[in-house]
Enquirer: 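Sharing a structure here in structure tokens format.
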Amino acid sequence: MDFALNDDQRAIQDAALAFAEAELAPHSAEWDETKTFPVDVMRHAAEMGFCGIYAQEEHGGMGLGRVEAAVIFEELARGDVSTAAFISIHNMATWMIDGFGSADLRARYVPSLVTMEKIASYCLTEPGSGSDAAAMRTTAVRDGDHYVLNGSKAFISGAGTSDVYVVMARTGEAGPKGISAFVVDLGTPGLSFGAQEKKMGWNSQPTAIVSFDDCRIPAANLLGKEGDGFRYAMMGLDGGRLNIAACSLGGARLALETAQAYVATRKQFGKSLDQFQNTQFKLADMATQLEAARLMVLRGAWAIDTGHPEKTKWCAMAKRLATDACFQIADEALQLHGGYGYLKDYPLERIVRDLRVHRILEGTNEIMRVITAREMMRQ
């Protein structure tokens, strides 16, 4: 067993951290406050390959694995959790087109997605089907050389700004086998968006409902075959869960580093807080939780990269553990700051708000337990 990154992975890690410190961290608080979607900065990230991490090299992707992706997203989130999380969603949508689209679709979309000339969103969740994703009601009906889409998707990051939408819709029977995946372009007649949601966190990215009203798209925009869309979506979520878990690692790491620096200088009862054993024990537990979470994330990433038969279970376990543990680390870091942690002068309250949603999206942590238990019962 080798727990060390290789030279190439360490170089990627260093590059991602340098980018995060130079271009994300200095603006994170402002983007949160003003609800700014930093497209230009994300395009700078694309110049470094961070928007086509595991897209194939044929159309400009980096062709890297999920281990490298986990390393990159932790470092990016160390600079700004919300923006790093959106880049992870863009990568997932790009991967679906690159992995399952026809040669023509790949040639049309992937080059502009890896440069982020075009921005992509992933559309699975609906107002009435969250955890029960297979109960979706959005339909796609074949009409000659087109499909006609009707329905809506909820909580879509990038909605209204993104240029490309990877959409799951029902083409057949009830349940997962009747779901297909499509690519829909911004500006297509019948595609519209709801008002921007007012959120607790993730404020550097827009979120809204995406609606389809007799939205006609070319039949060639089908990814793969009819009925395979749900399988593609679940494969994408294995990696997406790890990416969100990795973003949690980055946010929790910043919280821990901030807390450790604070308690070294803050004095109470005649000595700095880090001289109290209670504080030391808290920091030790936080560091241990962070390291354990990171190991779980990397194990899940390794499982995807090697095609391990238990990869779905390990990804679910990693997402559950990491997002819960990292939220607790951030909350404890805020507590160590006392009243100051509640102020926006420090990053703790923002990190807590941004990490909270990670326990919900890409499958709630309750659903991660369902997946884990189900896979255990099969053994």
Side-chain angles (χ1 to χ4, degrees), residues 15-48 50-51 72-91 115-121 155-163 193 195-208 243-244 246-262 265 326-327 329-331 333-358 360-361:
L17 179 57
F19 179 85
E21 289 181 337
E23 300 210 40
L24 299 180
H27 309 290
S28 186
E30 178 189 355
W31 293 339
D32 175 72
E33 183 72 24
T34 61
K35 298 177 175 55
T36 297
F37 192 36
V39 173
D40 289 344
V41 173
M42 290 191 293
R43 284 175 176 154
H44 292 165
E47 291 172 4
M48 301 185 68
F50 297 152
C51 296
I72 289 168
F73 286 119
E74 176 178 348
E75 301 306 321
L76 294 181
R78 170 62 178 72
D80 184 50
V81 172
S82 174
T83 303
F86 184 81
I87 293 173
S88 81
I89 294 167
H90 175 88
N91 269 273
T115 62
M116 230 179 186
E117 176 188 344
K118 290 186 176 180
I119 301 170
S121 289
F155 307 118
I156 304 305
S157 292
T161 300
S162 290
D163 306 282
F193 308 96
Q196 289 299 311
E197 304 289 2
K198 298 177 181 178
K199 299 171 294 183
M200 174 179 176
W202 271 28
N203 286 322
S204 75
Q205 49 173 292
T207 304
N243 291 347
I244 289 301
C247 288
S248 290
L249 295 176
R253 195 173 99 215
L254 175 59
L256 176 56
E257 291 169 358
T258 303
Q260 190 169 355
Y262 178 79
T265 58
C326 290
F327 177 78
I329 291 167
D331 187 58
L334 190 154
Q335 186 74 15
L336 285 169
H337 280 70
Y340 291 106
Y342 207 64
L343 302 180
K344 292 191 175 183
D345 302 79
Y346 293 87
L348 283 311
E349 61 84 29
R350 183 178 72 253
I351 296 171
V352 168
R353 288 188 288 105
D354 282 343
L355 292 192
R356 183 59 183 86
V357 74
H358 293 191
I360 298 172
L361 52 81

Enquirer: Would you say N91's side chain and I87's backbone share a donor-acceptor pair under 3.5 angstrom?
Expert: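 Present.
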Enquirer: Can you name the nearest heavy-atom pair linking S248 to L355, along with the distance?
Expert: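 Result for this residue pair: CA-CD2, 3.7 Å.
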Enquirer: Should E75 and E21 be marked as a side-chain contact (heavy atoms from CB on, under 4.5 Å) after you check the CA-CA gap, both sets of side-chain angles, and the distance that decides it?
Expert: CA-CA 9 Å; E75 301 306 321; E21 289 181 337; over 6 Å; no
Enquirer: To the nearest 0.5 Å, what is the distance between CE (M42) and NE2 (H90)?
Expert: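 Going from CE on M42 over to NE2 on H90, the span is 8.5 Å.
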Enquirer: Using modelled atom types only, decide if a donor and an acceptor are shared between the side chain of Q196 and the backbone of T207 within a distance under 3.5 Å.
Expert: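 Yes, the answer is positive, given that a donor and an acceptor are paired below the 3.5 Å cut-off.
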Enquirer: Can you find a pair of side-chain heavy atoms, one from T83 and one from V41, that are under 4.5 Å apart?
Expert: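 No - every pair of side-chain heavy atoms lies 4.5 Å or more apart.
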Enquirer: Decide if atom CZ of F155 counts as having more than 12 heavy atoms of other residues, nucleotides or ligands within a radius under 6.0 Å.
Expert: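 Incorrect, the count does not exceed 12.
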Enquirer: Using every non-hydrogen atom in the two residues, find where E23 and H27 come nearest and quote the distance to one decimal.
Expert: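 Heavy atoms only, the tightest pair is O-CD2, 3.3 Å.
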Enquirer: I need the minimum non-hydrogen distance between S121 and I156, along with the two atoms involved.
Expert: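 The answer is CB-CG2, 4.0 Å.
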Enquirer: Specify the closest pair of heavy atoms between G251 and V81, including all atoms of both residues, with the distance to one decimal.
Expert: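 For G251 versus V81, the nearest heavy atoms are CA-CG2, 3.6 Å.
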Enquirer: Got a second to check how far S28's OG is from D354's CG, nearest 0.5 Å?
Expert: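 Reported to 0.5 Å precision, the distance equals 7.0 Å.
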Enquirer: Atom NE2 of H358 and atom CH2 of W202: how far apart are they, to the nearest 0.5 Å?
Expert: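 Those atoms lie 5.0 Å apart.
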Enquirer: Can you tell me if E197 has over 12 outside heavy atoms packed within less than 6.0 Å of its CD?
Expert: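 For E197, atom CD is crowded (more than 12 foreign heavy atoms under 6.0 Å).
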Enquirer: Specify the closest pair of heavy atoms between R353 and M200, including all atoms of both residues, with the distance to one decimal.
Expert: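 Looking at all heavy atoms of both residues, the shortest contact is NH1-O, 2.9 Å.
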Enquirer: Do NZ/NE/NH1/NH2 and the carboxylate oxygens of R350 and E33 come within less than 4.0 Å?
Expert: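 Salt bridge absent between R350 and E33.
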Enquirer: Quick one: CG on L348 to CG on L336, what's the gap to the nearest 0.5 Å?
Expert: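 Nearest 0.5 Å value for the CG-CG distance: 8.5 Å.
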Enquirer: Is E47 salt-bridged to R43, cutoff N-O under 4.0 Å?
Expert: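 A salt bridge is absent here (no side-chain N lies under 4.0 Å from a carboxylate O).
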Enquirer: Nearest 0.5 angstrom please: I244 CD1 to F73 CZ, how far?
Expert: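 Separation between the atoms: 8.5 Å.
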Enquirer: Whether the side chain of T36 engages the backbone of P38 through a donor-acceptor N/O pair (distance < 3.5 Å, no angle test) should be reported.
Expert: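 Pair absent, no side-chain N/O of T36 close to backbone of P38.
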Enquirer: Taking all non-hydrogen atoms of both residues, which atom of N203 and which atom of S82 are closest, and how far apart?
Expert: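 Heavy atoms only, the tightest pair is N-OG, 3.8 Å.
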Enquirer: Please report the interatomic distance OG(S157) to CZ(F37), rounded to the nearest 0.5 Å.
Expert: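 Rounded to the nearest 0.5 Å, the OG-CZ separation comes out at 8.0 Å.
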Enquirer: For Q205, does its backbone N or O pair with a side-chain atom of K199 as donor and acceptor, under 3.5 Å?
Expert: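 It does hold such a pair.
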Enquirer: For the residue pair E349 and H337, establish whether any side-chain heavy-atom pair is separated by less than 4.5 Å.
Expert: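 A side-chain contact is absent here, since even the closest heavy-atom pair is not under 4.5 Å.
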Enquirer: S162 side chain to A159 main-chain N or O, any donor-acceptor pair under 3.5 Å?
Expert: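 The answer is no, because no donor-acceptor pair under 3.5 Å joins these two groups.
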Enquirer: Determine, step by step, whether F19 and L76 satisfy the side-chain contact (heavy atoms from CB on, under 4.5 Å) criterion, reporting the C-alpha distance in whole Å, the side-chain angles of both residues, the deciding distance to 0.1 Å, and the verdict.
Expert: CA-CA 7 Å; F19 179 85; L76 294 181; 3.8 Å; yes
